[in-house]
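Naming convention: chains lettered A, B, ... in sequence-line order (proteins, then strands); numbering from 1 in each chain. Atom set for the values below is all heavy atoms of this structure, side chains included, hydrogens, waters and symmetry mates excluded.
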2 protein chains.
Amino acid sequence: MARPSRFDVDQLLDAAVRLAAAGGPPAVTMSAVAQAVGAPSGSVYHRFPGRPALLAEVWLRTVESFQAGYMAVLDAESDPRRAARAAARHVVAWSRRHPAEATLLFYGAADFGRADWSEEHTRRADEGNERVFASLGALADALGATDARGRERIALALVDLPLTVIRRHLRAGTELPPYAEDLAEECAAALVG
Amino acid sequence: MARPSRFDVDQLLDAAVRLAAAGGPPAVTMSAVAQAVGAPSGSVYHRFPGRPALLAEVWLRTVESFQAGYMAVLDAESDPRRAARAAARHVVAWSRRHPAEATLLFYGAADFGRADWSEEHTRRADEGNERVFASLGALADALGATDARGRERIALALVDLPLTVIRRHLRAGTELPPYAEDLAEECAAALVG
DNA sequence: CATTAATTGGAGAGCAGTCTCCATTACCCG
DNA sequence: CGGGTAATGGAGACTGCTCTCCAATTAATG
């Protein structure tokens, strides 16, 4: 029906992810993305109404991809202790497979301009978080963690700590060692008790 | 000898810390700092040769203040297990006392424009890190952690994990609960073994 | 009181990035 | 083969930030 597109949304988002991983969210400028794929800036504005929308999509696509895999792992295992270990491993394995995307996770939605997002984008972000929060809460119950402190300890063990293992190496610029998955799993197990 | 200054370095850095905590490093513009203290932009350039130097000083003053207190705690206690617990507690206690500064720790030197820093600033950053790394290495030895993996686990327990406890709440916007110090200490103990 | 030196105060040049606008291009369909 | 449609390609207005420059101000000093 019309002229075929040379630049599709995912191609632009991929470039944006690379830029963000290399230089942080501020490096994701409309012109930089355009230049990265060899397009004029007008083409970027054809796909995204503005920079806030582009940043929101970069963030949401990354986080939702991470969360989808994470929750799949949580739900696949019925024994809570084994689910906990698998979850911790998964975080590291996912980051190993998606290094640029993992880098983005160490920023927050705020760094991607959440304040300027559309209501729709904000809602998507909140819903994703709530879903993970709910799954994690159910697992915490199964593990006998009843109060806020116990739940926090579970969240630390299954999400934050594995991510931190990655972060140490990204920060230092050293390569992720082969034992990273084991380390995350064994630390998670130690914290879950 | 001369006209007295209305705006001193620390006053400008304090404002910069507040801006960075609220809006991330990109929010620390020369004009924003000037406006925050009620000065014209020229006055900021009188104290700092440019934005890279300002960002470097903001980062280094914060990190060095954190590291000084941290190493004092590590050195004050000779029993390694007690030192470990005290260190974890200290990270949380320091962050509670310095919420804005703690927020900055979740960025990296790269986000504060390390690539544009002077050689002097880069050196200061590296030296601080090496000192902490050395102290932590000594403690790891005392705890019987010999290989890279064991050392990494110690670092996770004594630095990254306590910081992560803070980060969860800063991200979510919830207040730091009173049990945070205990939680960090008990998690660190569990990881140190 | 005049000199001197450090500092303020602010105007504005230059630049980078966002976003608008619209002519042009290329494909699909009847 | 020509009309309709979706996309490109790029020029340029506008905005906000960095940084320069220099006159005006203020206090200590001899």
- Query: Do other residues, nucleotides or ligands put more than 12 heavy atoms under 6.0 Å from Q35(B) CD?
  - Reply: no
- Query: With sequence neighbours excluded, what pairs up with H121(A) under the side chain to side chain contact (heavy atoms under 4.5 Å, CB included) test?
  - Reply: A53(A), A56(A), E57(A), L60(A), W117(A), S118(A), R124(A)
- Task: Counting heavy atoms from C-beta on, name the nucleotide in dA27(D), dA7(D), dT7(C) closest to the side chain of P4(B).
- Result: dA27(D)
- Item | Set of side chain to side chain contact (heavy atoms under 4.5 Å, CB included) partners for M71(A), sequence neighbours left out | R131(A), V132(A), S135(A)
- Item | Interatomic distance, L55(A) atom CG to M30(A) atom CE [nearest 0.5 angstrom] | 8.5 Å
- Message: Checking Y70(B) now: which residues fulfil ring-ring contact (aromatic ring centres under 6.0 Å, His included) with it, not counting sequence neighbours?
- Response: F66(B)
- Item | side chain to side chain contact (heavy atoms under 4.5 Å, CB included) involving A100(A) - partner list, sequence neighbours excluded | V17(A), A21(A)
- Message: Between P on dC22(C) and NE2 on H46(A), what's the gap in Å once rounded to a whole number?
- Response: 17 Å
- Task: List in numerical order all residues of residues 8-26 of chain B for which some heavy atom is under 4.0 Å away from an atom belonging to DNA chain D.
- Result: none
- Under 4.0 Å protein heavy-atom contacts per nucleotide of nucleotides 16-23 of chain D, with B for base, S for backbone only and - for none: -SBBB---
- Query: Cut-off 3.5 Å, side chains only: do H90(B) and E185(B) have a donor facing an acceptor?
  - Reply: no
- Side-chain ion pair, R47(A) and D8(A), N-O less than 4.0 Å: no
- Item | Interatomic distance where CZ belongs to R6(A) and C1' belongs to dC27(C) [whole Å] | 15 Å
